[in-house]
Amino acid sequence: MDRKTLLAKIETFLQQPEATAQALLDMLQEQQGGVGLVPRMLSRRPEAFVPAAVQSRALYQNPRAINAKTAELAAVAASAALMCEHCLEAHMRAAQRKGASQDEILDVILVAGAIAESSTLSVALRKFRQMERKLEQ
């Protein structure tokens, strides 16, 4: 996209932020078959929603160094580790649409679960060790 076209699109957004937000919601509905809570709520504030939608598209649809399927599998892993059920459902569906198999999705969930468990233990055991040392002094 050339500079002039980009500036024209930015100007349209600045003049009609609600229409831009609605157009993005319509695009998400068409591409994903639904619109999640986060984009729906953010769309109430187009100045927050539009940049978030642009960033999400760049990260999930057009990542620079990995393919879109791998980006979605990373999102599945992060959603699993952070225990975000709604995110997990959305990203598992998106990963499937981008060609991920059931086995690939299961593998990233298992890896994410192992890392989350290890992280929990690491933090808790360090704090436990600190408590032990204080008691020994």
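Keep in mind that what you see is a predicted model, and the values were worked out from it rather than measured. FYI, side chains are in, hydrogens and waters are out, and symmetry mates aren't considered; it's all heavy atoms of this structure.
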Partners passing side chain to side chain donor-acceptor pair (under 3.5 Å) against [X] (at least two apart in sequence or in another chain):
{"X": "Ser56", "result": "none"}
{"X": "Asp107", "result": "none"}
{"X": "Glu11", "result": "Gln15"}
{"X": "Glu89", "result": "none"}

Would you give me the side-chain donor-acceptor pairs under 3.5 Å for residues 42-53, sequence neighbours excluded?
residue	atom	partner	partner atom	Å
Ser43	OG	Arg40	O	2.6

Rounded to the nearest 0.5 Å, what separation is found between the [atom1] atom of [X] and the [atom2] atom of [Y]?
{"X": "Asn62", "Y": "Arg57", "atom1": "CG", "atom2": "CZ", "answer": "6.0 Å"}
{"X": "Glu85", "Y": "Ser79", "atom1": "CD", "atom2": "OG", "answer": "11.0 Å"}
{"X": "Glu30", "Y": "Leu25", "atom1": "CD", "atom2": "CG", "answer": "13.0 Å"}

Sequence neighbours excluded, every pair satisfying ring pair (Phe, Tyr, Trp, His ring centres under 6.0 Å) that has a member inside residues 71-104: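 For residues 71-104, and leaving out neighbouring residues, the ring pair (Phe, Tyr, Trp, His ring centres under 6.0 Å) pairs sorted by first residue read Tyr60-His91.
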Heavy-atom neighbours of Met83 CE exceed 12 at 6.0 Å: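 It does not: Met83 CE has 12 such atoms or fewer within range.
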Which atom of [X] lies closest to which atom of [Y], heavy atoms considered:
{"X": "Ile105", "Y": "Leu73", "value": "CG1-CD2, 4.0 Å"}
{"X": "Val35", "Y": "Leu28", "value": "CG2-CB, 4.0 Å"}
{"X": "Met92", "Y": "Ile109", "value": "SD-CD1, 3.9 Å"}
{"X": "Ala77", "Y": "Ala112", "value": "O-CB, 3.2 Å"}

Going by the rule side-chain contact (heavy atoms from CB on, under 4.5 Å), which residues pair with [X] if we only count those two or more places apart in sequence or in a different chain?
{"X": "Glu117", "result": "Leu121"}
{"X": "Leu82", "result": "none"}
{"X": "Ile66", "result": "Pro63, Thr70, Ala71"}
{"X": "Ala74", "result": "none"}

Under 3.5 Å donor-acceptor, Ser119 side chain and Ile115 backbone: no
Ser122 side-chain N/O to Ser118 backbone N/O, donor-acceptor pair under 3.5 Å: no
ILVMFWY cluster, Leu88 and Val111 together (side-chain gap under 4.5 Å):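 Shared cluster, no.
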Same apolar cluster: Phe128 and Leu135, side chain cutoff 4.5 Å: yes
Residue pairs involving residues 123-135 (criterion salt bridge (charged side-chain N to carboxylate O under 4.0 Å, His left out); sequence neighbours excluded): none
Pairs satisfying salt bridge (charged side-chain N to carboxylate O under 4.0 Å, His left out), at least one member in residues 92-104, at least two apart: Lys69-Glu104, Glu72-Lys98
